[in-house]
Amino acid sequence: IFFRPSMAPSRLLLFGLGLLVPNALSLATTELHGSGTTNPSKLIWKAQAVLEEQAAAPIRMTYRGIGSSGGGAEFEAGVNDYGSGDIPLPQATY
């Protein structure tokens, strides 16, 4: 799974606070959207449901199983916050 470096510090910090600090702050819902390989999509959806349920701060996560190439292309285009795939992204992407 890969995360967009530009979003990681802000959104992932809020996401982490929501998981670790019960009743931390009254935060707006954090949304994270991703896409990529179809094989682990059911596992990703289950993990997202557990994280959303157990997070102290509101979070909404989505994942679309559209294939590694499609997920990588959407991630590189800035459509998604994260993605997954069995095809590595070019080093220039990072």
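Nearest heavy atoms, S68 versus G85: OG-CA, 3.4 Å. Considering every non-hydrogen atom in both D81 and L32, the closest pair reads OD2-CA, 3.4 Å. In terms of heavy atoms, Y63 sits closest to S35 at CE1-C, 3.4 Å.
L51 is connected to W45 through a chain of hydrophobic side-chain contacts under 4.5 Å among Ile, Leu, Val, Met, Phe, Trp and Tyr, so both are in one cluster.
In this structure, CD in Q54 is found 12.5 Å from CD1 in I59, a value given to the nearest 0.5 Å. Atom NE2 of H33 is separated from atom CE of M61 by 10.0 Å, given to the nearest 0.5 angstrom. For the atom pair I66 CD1 and S41 OG, the distance stands at 11.5 Å (nearest 0.5 Å). Distance check: N80 CG to R64 CZ gives 6.0 Å after rounding to the nearest 0.5 Å.
Counted by atom type alone, D86 and T37 present zero donor-acceptor pairs between their side chains at under 3.5 Å.
Scored by the side-chain hydrogen bond (donor to acceptor under 3.5 Å, both in side chains) test, T38 finds no partners at all (sequence neighbours excluded).
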